[in-house]
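A quick write-up on the structure given underneath.
Read the numbers this way: they start at 1 and go in the same order the structure lists the ligands and their atoms.
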Amino acid sequence: MSNLVQELTQLQQDALAALAQTTSTAATEAWYADYLGRKGKMTAILRGVGQLDAAERPLVGKTANEVKVVLEAALQERQAAMNQAEMESALAAEGIDVTLPGRQPQLGKLHPTNQGMREIVAILGQMGFQVFDSPEVETDDYNFGLLNFPPDHPAREMQDTFFTKEKDIILRTHTSPGQIHAMRRYAPEPIRVILPGKCYRNEDVTARSEMMFYQVEGLAIGHNITFSDLKGTLLNFANQMYGAGRRIRFRKSYFPFTEPSVEVDVDCILCAGSGCRICKYSGWLEILGAGMVHPVVLANGGYDPAVFSGFAFGMGIERQAMLKRGVDDIRLFYSNDARFLARV
Ligand code: FA5
């Protein structure tokens, strides 16, 4: 047998032994260059083929091919084993402990004003009132004139107004102008609507008053609507909003757009009427203004006051939320204090 065949057989043994020692991809690459590369040991052996008899050459060629096939297969196997080991050790290093408690994701929640608004809208909605959207930027006429505020009448000063540069365009001071929009949209059909939204007043900001706040207005117009209907609606509202068994009381008041007009109180939710700090020892908490829609306002809305009657009421959402959630400063609502927002 040719020496070269022996050398090739020896090369195979050596190469397999060396391959078994490699532990990294870089080492296997170096191994390949060393044994099978262009300048490697196999090439060096095959350089001797030229000196052989022609009869010996085929056997050497065949052996060289077999050795190459064996070594390449061994290399592939080695690399696959190494990849597997590398993956296993990486997985072990970044292993997940499935018994650890998970991280609590921080959930946001509705702003207290929105919570209050949704609660009020849900209670009144279930009594048949539908939400009607009306603008925050109003004309002087809708905010005052059509609501029976006479020009230059001191009643206008009940609500300090933000004016704009445009003549007679103002930010609404209450949701009541929505009454006229709703009436003009639906007259002469009977209606039951609620008008929720922002209002603006040019007032000093205090623990009880903001420049921007929300109101919800209610308006019902029909053929036989009486003061008793107003009372029943508000008692039902107070019982759902502040708890079963609540009492309400009416105090006479004045609004240009209702006649008669009342302020409505609910018995104190904290002391149930016996007197405490929250109700300033009166036993009662003021919750809203209300009354029977003034005939002039009905007519301005397109309803004949001889045929139709109606009631209206308006409440401040933040003030309701303050009572219900025990908040003692209205400024907290819009100060973006995350601790407050998480608490209420
Ligand atoms: C009105 O605005 C009437 N439009 C309510 C009304 C509607 C009466 C329909 C009759 C019929 P008043 O000015 O009292 O009324 O305001 C109503 C409520 O808005 C108050 O009870 C209070 O809860 C809230 N409110 C008024 N001003 C402020 C303010 N600066 N900051 C926070 N809430 C306010």
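- Of all protein heavy atoms, the one closest to atom 22 (C) of ligand 1 is R319 NH1, 3.2 Å.
- For E72, the CD atom counts as densely surrounded, since its 6.0 Å shell holds more than 12 non-hydrogen atoms of other residues, nucleotides or ligands.
- Using a 4.0 Å heavy-atom cutoff, E318 is absent from the residues neighbouring ligand 1.
- When non-hydrogen atoms are compared, ligand 1 lies under 4.0 Å from the backbone of F313 (N, CA, C, O) but not from its side chain.
- Of all the heavy atoms of S261, none lies under 4.0 Å from any atom of ligand 1, so neither backbone nor side chain is involved.
- Scanning the protein heavy atoms around atom 31 (N) of ligand 1, the nearest turns out to be E210 N, 3.0 Å.
- When the options D133, V131, L219 are evaluated for a side-chain contact (heavy atoms from CB on, under 4.5 Å) with V193, the one that passes is L219.
- Given atom 24 (C) of ligand 1, the protein heavy atom at minimum distance is G316 CA, 3.7 Å.
- Interface atoms of ligand 1 facing S176, defined by a heavy-atom separation under 4.0 Å, are 4 (N), 7 (C).
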Residues K41, E7; criterion salt bridge (Lys or Arg N to Asp or Glu O under 4.0 Å); working and verdict:
CA-CA 10 Å; K41 292 183 171 127; E7 279 181 48; over 6 Å; no
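- Note on ligand 1: L288 sits outside its first shell, no heavy atom being nearer than 4.0 Å.
- Looking at residues two or more places apart in sequence or on another chain, you find no ring-ring contact (aromatic ring centres under 6.0 Å, His included) involving F311.
- Shortest contact from atom 3 (C) of ligand 1 to any protein heavy atom: F257 CZ, 3.8 Å.
- V121 and L110 sit in two unconnected hydrophobic clusters of ILVMFWY residues. Membership requires side-chain heavy atoms under 4.5 Å apart, directly or through other members.
- Heavy atoms from both the backbone and the side chain of S209 come within less than 4.0 Å of ligand 1.
- Comparing E263, E286, Q215, R201 by heavy-atom distance to atom 19 (O) of ligand 1, the nearest is Q215.
- Atoms of ligand 1 lying under 4.0 Å from any heavy atom of A312, numbered from 1 in the order shown and given with element: 9 (C), 11 (C).
- Separation of the F250 and F227 ring centroids falls under the 6.0 Å cut-off.
- Those atoms of ligand 1 with a heavy atom of I330 less than 4.0 angstrom away are 32 (C).
- Atoms of ligand 1 lying under 4.0 Å from any heavy atom of A290, numbered from 1 in the order shown and given with element: 8 (C), 10 (C), 11 (C).
- To the nearest 0.5 angstrom, N143 atom CG is 10.0 Å from T175 atom OG1.
- Under the salt bridge (charged side-chain N to carboxylate O under 4.0 Å, His left out) criterion, E66 pairs with K62, sequence neighbours left out.
- Atom CD of E136 sits in a crowded spot, with more than 12 heavy atoms from other residues, nucleotides or ligands closer than 6.0 Å.
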* What's the verdict on ring pair (Phe, Tyr, Trp, His ring centres under 6.0 Å) for F257 and H174, showing C-alpha distance, side-chain angles and the deciding distance? -> CA-CA 12 Å; F257 37 92; H174 52 169; 5.5 Å; yes
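- Looking at F213, F333, Y200 and measuring to atom 33 (N) of ligand 1, the nearest heavy atom belongs to F213.
- Residue, atom and distance of the protein heavy atom nearest to atom 14 (O) of ligand 1 are F255 CE2, 4.1 Å.
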I'd like to know whether Q84 forms a side chain to side chain donor-acceptor pair (under 3.5 Å) with E88, so could you lay out the CA-CA distance, the side-chain angles of the two residues, the decisive distance to 0.1 Å, and finally the verdict. CA-CA 6 Å; Q84 178 70 21; E88 273 167 17; 2.8 Å; yes
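- Taking the centre of each ring, F333 and F340 come in below the 6.0 Å mark.
- Neither the backbone nor the side chain of M211 comes within contact range of ligand 1; no heavy atom lies under 4.0 Å.
- The distance criterion of under 3.5 Å between nitrogen or oxygen atoms is met by H174 with respect to ligand 1.
- For atom 9 (C) of ligand 1, the closest non-hydrogen atom on the protein side is E217 OE2, 3.3 Å.
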